[in-house]
Asker: 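Shown below is the structure under consideration.
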Amino acid sequence: MRRAVKLGLAGGAAMVLVAAIGMVAAFQARMLIDPILPLGTFFLYLVAFIFGWMASKPPVTLEGFEPARAGIRNVLAGAMAGALGGLCVGLLLIVMTTWDLRGVFIALSPELAEILSFGLPVAAAIPVIALVAGAAGALGGAVHLLSPRLRRAVLSALAWVLVFSLFTDIFGQAFTALRLEFLVDFIYTGRGGALTIVGAIVVFAVFFVLYWWMSGRTNTLRQRVQSMPRGQRSRWQIGAAVIILVVLYFVPKIMGPFVSQILVTAGIYLLMALGLNIVVGYAGLLDLGYVAFFAVGAYTTAILTSPQSPAFSPELSVVASIPFVMIAAAVAGILVATPVIRMRGDYLAIVTLGFGEIARILLNSEWLAPYFGGAQGITNIPDLQIGPLTFSTPQDYFYPVFLFVLFAAYVTYALQNSRWGRAWMAMREDESVAEAMGVNIVTAKLSAFVVGAILASFGGSLFASQIGSVFPHTFDIVVSITVLVIIIVGGMGSVPGVALGAIVLIVLPNLLREFSEYQFLFYGVLLIVMMLNRPEGFIPSKRRAQELHSEEMAQDAWLEIYGEKGQPEQVPEGAV
Amino acid sequence: MTEAATVDARPVRRAARITPVSIFLWALRIAALAIILYGSYLSISSGRLSAAQWRDLFVFGISTGSVYALIALGYTMVYGVLRFINFAHGEVFMVGAMMAFYVANALATTTLWTSSPVVSLLIVLVAAMATSTSVAVIVERIAYRPLRGAPRLIPLITSIGASFTIQYLVRGLVGPSTKAFPRMEQLRGTTEILGVVILKSQVVVIVAALVMMAGLYLFVERTRTGKSMRAVSEDPETAALMGIDVDRTIVKVFAIGGAMAGVAGALWGLVFPSLNFFSGFLPGIKAFTSAVLGGIGNIVGAMLGGVSLGIFESVGPSLVLAGYEIPAFSQLKDVVAYAALVLVLIFRPTGILGERLAQERT
Amino acid sequence: MALLEIQGLSKAFGGLRAINGLDITVDEGEVVSVIGPNGAGKTTFFNLVTGMESPDEGSIVFGGQELVGLRPNQILQLGMARTFQNVRLFPAMTVMENVMVGQHSRTKAGLLGAILKTPSQRREEREIEERSKEVLSFFGTRLAGYRHDELSMTLSYANRRRLEIARAMATNPRLLLLDEPTAGMNPRETIELTELIGQLRSERAYTIVLIEHDMQVVRNVSDRVVVLDHGVKLTEGSYDEVSTNEKVIEAYLGRPAELGA
């Protein structure tokens with residue numbers, strides 16, 4: 001009860017903030033389901049839904065106790081939390097219609113009031129808002145009532161409805177390219193339009209049935225493949241790989257230049273994320289200046305290939321610059337790593353951040369402008385050419401970027417089960433013990449930094465030749481943070497997770513313009529939520545899932561780690 | 001004591017060994033020192049700046065440095081009790097500065113602003129303190145408290161998330177535009193103290209910072225709450241066994257750090273009258289550098305570190321960089337802070353007054 | 001010739017002299033127990049020998065090589081491995097991987113080898129795996145096959161201690177330093193481990209130095225017992241000699257006069 005009130009007020013604060021930072025109004029233009037559900041309203045009440053769900057979450061049950069059965073109480077708690085949140089929004093509505101606060105809070109516009117009040121007069125609107133928010137909260141609470149199988153199917157199907165309604169352009173384009181225009185007309189109000197009510201129901205139904213039918217069956221499929229004789233299994237695996245490759249081959253052709261550009265950007269981020277994953281995920285070294293290596297790659301390619309390079313311009317081809325890029329990145333990795341070798345984890349983070357910023361400021365400075373072009377950067381970087389192939393459009397670049405990502409993923413896998421991979425992980429777990437077990441800490445740290453730096457520099461090199469120019473302001477700290485968010489959301493150490501992280505975090509805000517405004521807010525919130533709830537990411541590698549969720553064991557282990565004296569020094573730094 | 005030292009003693013100091021890494025680090029130290037000394041020699045011998053100009057740079061450095069020191073207190077105190085870098089503290093400062101801006105702006109349209117500047121400044125200060133304190137406490141409650149006892153990098157990453165969240169919430173609330181802090185007539189111009197001509201606004205900043213720091217020092221050293229804070233930073237578990245409410249003490253630490261950051265935010269407006277949602281990042285990093293410089297976990301150290309960094313930063317570019325005739329050297333001002341951080345951690349990781357926390361093993 | 005020869009070893013933490021002018025010699029093939037009351041400097045002694053801390057004074061010669069000034073990984077390379085009093089495994093790595101890390105210093109594959117999957121790297125990887133399995137098999141069913149892919153943090157306490165010994169064995173040491181190997185074990189496990197220490201010497205020919213509080217264990221395994229108190233060697237000799245030594249009894253129980261007080 002108290003929990004419901006507390007969470008209701010917290011949820012109310014969150015809803016008010018969502019409205020007051022302009023999100024609701026900015027999102028309103030996008031219709032999710034025509035004509036009943038615009039994105040702004042949806043987002044506002046999604047907050048109520050989430051807090052309703054949290055408010056009615058059953059308390060942690062101790063072993064040996066009967067878990068409390070979910071029942072009407074959950075729904076009530078959720079409804080209450082939601083309604084309280086709604087009342088807070090009502091309060092905001094009263095305040096903002098009484099006084100004009102736009103001098104300070106720029107988003108509190110009359111349009112927002114219009115959206116919040118559903119067009120009703122304020123007095124009538126407040127009960128309506130409370131009711132709707134209460135209903136959303138109650139739905140959130142009701143989630144606990146569903147059996148796990150049903151819950152999974154319902155939530156997944158709802159998520160797919162959301163995907164279909166958000167990415168109408170992509171689906172429209174894909175369906176048209178595949179000669180399925182009738183599907184577009186059927187579920188959308190037109191190409192690029194919102195889902196129709198019928199369309200939403202159809203999408204929901206299709207995916208609901210699919211998930212309901214599939215639940216429990218994917219594992220058996222996997223087991224069947226696993227249990228096959230070796231030859232047959234590898235044939236299956238090769239077959240699957242070929243299908244995926246064929247699909248990927250057609251992706252840029254179907255999607256067109258706009259989406260391909262976004263995919264290329266996501267691919268470059270993914271490349272960096274795989275590199276950072278080795279530094280942070282394997283070796284446990286939190287590098288916040290990772291963007292510096294990206295910059296090294298980009299500038300090395302720029303200087304070596306562009307005729308506009310101010311001081312030295314050999315005008316190599318992009319491919320010929322790659323070996324130099326690797327050398328430059330390796331040197332940069334060693335230069336950054338050496339001073340921080342004996343530093344503790346958090347200091348290492350801040351110092352590497354400092355290095356990243358120093359790099360950007362120096363590239364931007366007039367002092368070094370004769371070499372790096374200062375704020376004007378270096379332009380006229382040629383396109384990538386491999387033999388007779390020239391890569392110029394975003395669609396073309398999809399393939400080399402994809403190849404590099406594939407290579408990085410392979411390196412990640414290959415190093416995981418290797419002598420140095422194990423040494424890195426041992427160092428992450430407990431540096432001094434790793435050293436006492438024969439791991440040369442200096443070499444291990446330097447090599448982790450160098451491998452990470454080289455992968456990031458590939459990204460920089462591709463980026464430079466694709467965009468055709470480099471400017472210092474590109475290499476901002478937010479790039480480092482974005483890459484960090486990708487690997488944390490994706491689950492450190494897991495390649496598919498990192499890939500999904502890159503797609504969600506880069507593609508989403510680029511595809512939905514209104515999201516890009518709030519991109520970094522989302523990143524920030526995601527970091528906090530991930531660390532509080534699921535430090536292992538959404539698609540964790542098996543290892544981390546086991547590590548972070550085997551609770552009693554973990555507690556036991558933490559006691560060990562902390563010893564009797566609670567010395568945090570012995571905590572494995574990398575157990576993030 | 002005996003038990004603690006022998007059962008699982010942390011390494012204290014290791015005999016120097018010649019390895020490639022140590023050679024590299026020594027080369028780096030010598031090179032840094034040589035660059036700094038030679039640059040200073042060049043610019044002093046060129047006589048480009050007069051003694052008065054040097055002095056002005058110094059005073060300016062002291063006044064920005066005292067703002068850094070106020071922010072650094074928050075880093076150092078939180079590090080003292082929780083052993084993690086509260087990355088979001090720069091944003092706590094920014095929120096205070098934002099609030100100070102809006103309150104000052106509102107007051108500037110009234111007669112109070114010109115008729116009684118002291119009262120208006122106090123109002124601004126209190127508003128900024130209240131805002132920063134509440135933000136600091138809320139962040140602690142939501143983002144850090146559930147993570148007690150987690151491996152150290154987890155709260156650090158959380159605090160990076162909190163930092164971004166606050167920045168972009170503020171951006172959404174008040175917009176991305178840069179705001180100009182209103183001027184106060186009485187603070188225009190200069191005054192003379194002990195024969196030195198100083199800008200009035202700088203006098204206010206230095207005096208206010210000194211008063212706050214003295215107050216904080218007395219608070220931590222003399223009061224019960226201060227004692228419990230020191231006890232918690234010494235050993236949280238034993239403190240809990242001695243009947244200290246650790247959670248409440250930690251909240252108080254955050255609150256005090258937040259209040260100091262709020263004061264810093266308001267004073268910042270007097271020195272640098274422009275402000276946007278990103279204004280907390282750099283002062284935050286610099287304040288952290290100050291805390292490390294002074295010896296993290298040490299309150300007096302934070303003050304010393306802040307003032308030293310302020311002086312380095314304001315004198316350094318003209319002293320060292322100008323000596324090499326680097327064009328537009330003021331662009332590199334922020335490099336000085338970062339370079340100071342790196343060099344301090346390489347030269348003397350304990351800072352001026354600190355214990356050895358930056359390095360685990362040497 | 002002595003395998004390990006320590007002379008005049010001293011280490012102070014601030015004002016506290018944890019180790020003060022210690023001389024200890026260990027011969028090849030011996031099992032030596034180091035005992036002493038809490039705070040006598042036993043673990044510090046291990047830390048100094050393995051290079052995790054550096055001494056203020058003194059020399060440590062191992063197999064004719066001076067150790068002072070070497071980093072822990074170099075010392076391990078020379079053939080000395082240890083376990084820790086408070087069990088410090090790599091918790092988020094599997095049992096197998098923990099042991100495999102132990103062989104880091106005995107193998108040499110580089111990053112490029114791992115990426116290119118060169119034949120020599122693959123052969124070495126296979127050898128590491130085989131050797132790890134062989135080491136684990138020394139513990140019989142305790143760390144049997146089905147446990148190899150479990151995370152080490154999920155093991156029981158006694159198994160963690162065994163795994164730590166396995167990890168140390170995987171480094172191919174000549175000298176094994178065991179820091180309270182039976183601490184926290186129940187009587188049956190203690191007996192089992194006592195036998196195991198015997199096997200370590202008889203089957204594997206390790207020289208062993210152990211810190212131990214359980215006098216039964218000390219009596220059953222040691223050739224020689226060294227008693228430390230306040231960083232100074234009180235006495236050394238066979239178990240029977242030491243256990244009847246007045247100074248030792250005094251160090252453990254306090255002076256009779258103090259007992260009354």
Side-chain angles (χ1 to χ4, degrees), chain A residues 17 20-23 104-107 284 286 288 338-339 341-347 349-351 353-355 357-358 361-362 364-367 431-432 442 477 481 484 488 517-518 520-521 523-528 530-532 535 558 562-563 565-569 571-576, chain B residues 4 8 10 19-21 24-25 28 83-85 102 142-143 146-147 149-158 160-169 171-175 235-237 281 285 288 292 326-329 331-332 334-335 338-339 341-342 345-346 349 357-362:
Chain A
L17 270 178
I21 61 174
M23 244 185 207
V104 179
F105 300 109
I106 53 163
L286 183 57
L288 294 181
T338 313
I341 277 176
R342 296 284 161 213
M343 276 177 207
R344 220 169 47 186
D346 40 6
Y347 280 74
I350 300 286
V351 169
L353 182 149
F355 279 131
E357 287 291 280
I358 289 176
I361 296 171
L362 289 182
N364 201 8
S365 70
E366 226 151 281
W367 174 42
E431 192 175 314
S432 52
V442 174
I477 165 93
I481 303 293
L484 182 69
I488 282 170
E517 179 90 350
Y518 301 100
F520 296 110
L521 177 60
Y523 290 178
V525 174
L526 263 177
L527 272 184
I528 300 178
M530 294 300 300
M531 285 296 114
L532 291 184
W558 276 18
Y562 271 79
K565 289 275 296 160
Q567 286 149 332
E569 278 86 355
V571 177
E573 301 268 351
V576 182
Chain B
D8 198 348
R10 301 279 89 220
T19 61
V21 175
F24 177 88
L25 291 180
L28 202 65
R83 296 278 184 276
F84 91 97
I85 300 169
Y102 282 107
I142 295 178
L147 293 174
R152 189 162 37 203
L153 286 187
I154 288 184
L156 176 63
I157 295 175
T158 314
I160 295 172
S163 164
F164 264 63
T165 309
I166 298 173
Q167 269 178 28
Y168 285 88
L169 275 181
R171 181 179 188 269
L173 283 175
V174 303
D235 184 343
E237 274 169 45
F281 179 76
I285 296 281
F288 174 74
V292 175
I326 288 172
F329 59 81
Q331 280 181 336
L332 303 180
D334 295 331
V335 172
Y338 292 120
L341 177 62
V342 176
L345 286 175
I346 294 174
L357 286 170
Q359 287 184 311
E360 215 152 21
R361 290 160 287 271
T362 323

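Keep in mind that the numbers below use all heavy atoms, side chains included, and drop hydrogens, waters and symmetry copies. Proteins get letters first, then strands, A, B, ... in listed order; numbering begins at 1 in each.
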Asker: Below 4.5 Å, heavy atoms only, C-beta onward: do A/Ile361 and B/Tyr338 meet side chain to side chain?
Answerer: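 Yes; the side chains approach each other to less than 4.5 Å.
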
Asker: Heavy-atom distances under 4.5 Å only: say whether A/Ile350 touches chain B with side chain, backbone, both or neither.
Answerer: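 Both backbone and side chain.
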
Asker: Return the minimal non-hydrogen interatomic distance between A/Ile358 and B/Ala339, and the atom names on each side.
Answerer: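 That closest heavy-atom pairing would be CD1-N, 4.1 Å.
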
Asker: Checking B/Ser163 now: which residues fulfil side chain to side chain donor-acceptor pair (under 3.5 Å) with it, not counting sequence neighbours?
Answerer: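 Side chain to side chain donor-acceptor pair (under 3.5 Å) list for B/Ser163, sorted by chain: B/Glu91.
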
Asker: Roughly how far, to the nearest 0.5 Å, is the CD1 atom of A/Ile477 from the CD1 atom of B/Ile160?
Answerer: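 The CD1 atom of B/Ile160 sits 7.5 Å away from the CD1 atom of A/Ile477.
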
Asker: Which heavy atom of B/Gly172 sits nearest to which heavy atom of A/Ala107, and what is that distance?
Answerer: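 Where B/Gly172 meets A/Ala107 most closely, the heavy atoms are O-CB, 4.4 Å.
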
Asker: Locate the shortest heavy-atom distance separating B/Leu28 from A/Pro339; write the atom from each residue and the value.
Answerer: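 Looking at all heavy atoms of both residues, the shortest contact is CD2-CG, 4.4 Å.
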
Asker: Could you state the interatomic distance from OG1 (B/Thr165) to CG (A/Leu521), rounded to the nearest 0.5 Å?
Answerer: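 Between atom OG1 of B/Thr165 and atom CG of A/Leu521 there are 6.0 Å.
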
Asker: A/Met531 and B/Leu147: which non-hydrogen atoms are nearest, and at how many Å?
Answerer: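 So the two residues come closest at O-CD2, 3.8 Å.
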
Asker: How would you list, by chain and number, every residue that makes a side chain to side chain donor-acceptor pair (under 3.5 Å) with A/Tyr523, sequence neighbours excluded?
Answerer: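 A/Tyr523: side chain to side chain donor-acceptor pair (under 3.5 Å) contacts with A/Gln519.
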
Asker: Considering only heavy atoms, which portion of B/Leu169 lies under 4.5 Å from any heavy atom of chain A: side chain, backbone, both, or neither?
Answerer: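 It is both, since atoms from each part get that close.
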
Asker: Do you know which of A/Leu17, A/Ile481, A/Ile341 has the most heavy-atom pairs with chain B at a distance under 4.5 angstrom?
Answerer: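 Winner by heavy-atom pair count: A/Ile481.
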
Asker: Might you point out which heavy atoms bring B/Leu156 and A/Ala349 nearest each other, and give the distance in Å?
Answerer: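 So the minimum-distance heavy-atom pair works out to CD2-CB, 3.8 Å.
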
Asker: Let me know if A/Val104 has heavy atoms under 4.5 Å from chain B in its side chain, its backbone, both or neither.
Answerer: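 The answer is both parts of A/Val104.
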
Asker: Within the structure provided, determine whether B/Tyr168 and A/Ile21 are in side-chain contact (heavy-atom separation under 4.5 Å).
Answerer: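 Of all side-chain heavy-atom pairs linking A/Ile21 with B/Tyr168, none is under 4.5 Å.
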
Asker: Find the distance between CD1 (A/Ile528) and CZ (B/Phe164) and round it off to the nearest 0.5 Å.
Answerer: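 These two atoms lie 11.5 Å from each other.
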
Asker: Do you know which two heavy atoms are closest between B/Val342 and A/Phe355, and how far apart they sit?
Answerer: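 Looking at all heavy atoms of both residues, the shortest contact is CG1-CZ, 3.9 Å.
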
Asker: Find the one option among B/Leu173, B/Leu332, B/Ile285, B/Ile142 whose heavy-atom pairs under 4.5 Å with chain A are most numerous.
Answerer: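 Heavy-atom pairs under 4.5 Å are most numerous for B/Leu173.
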
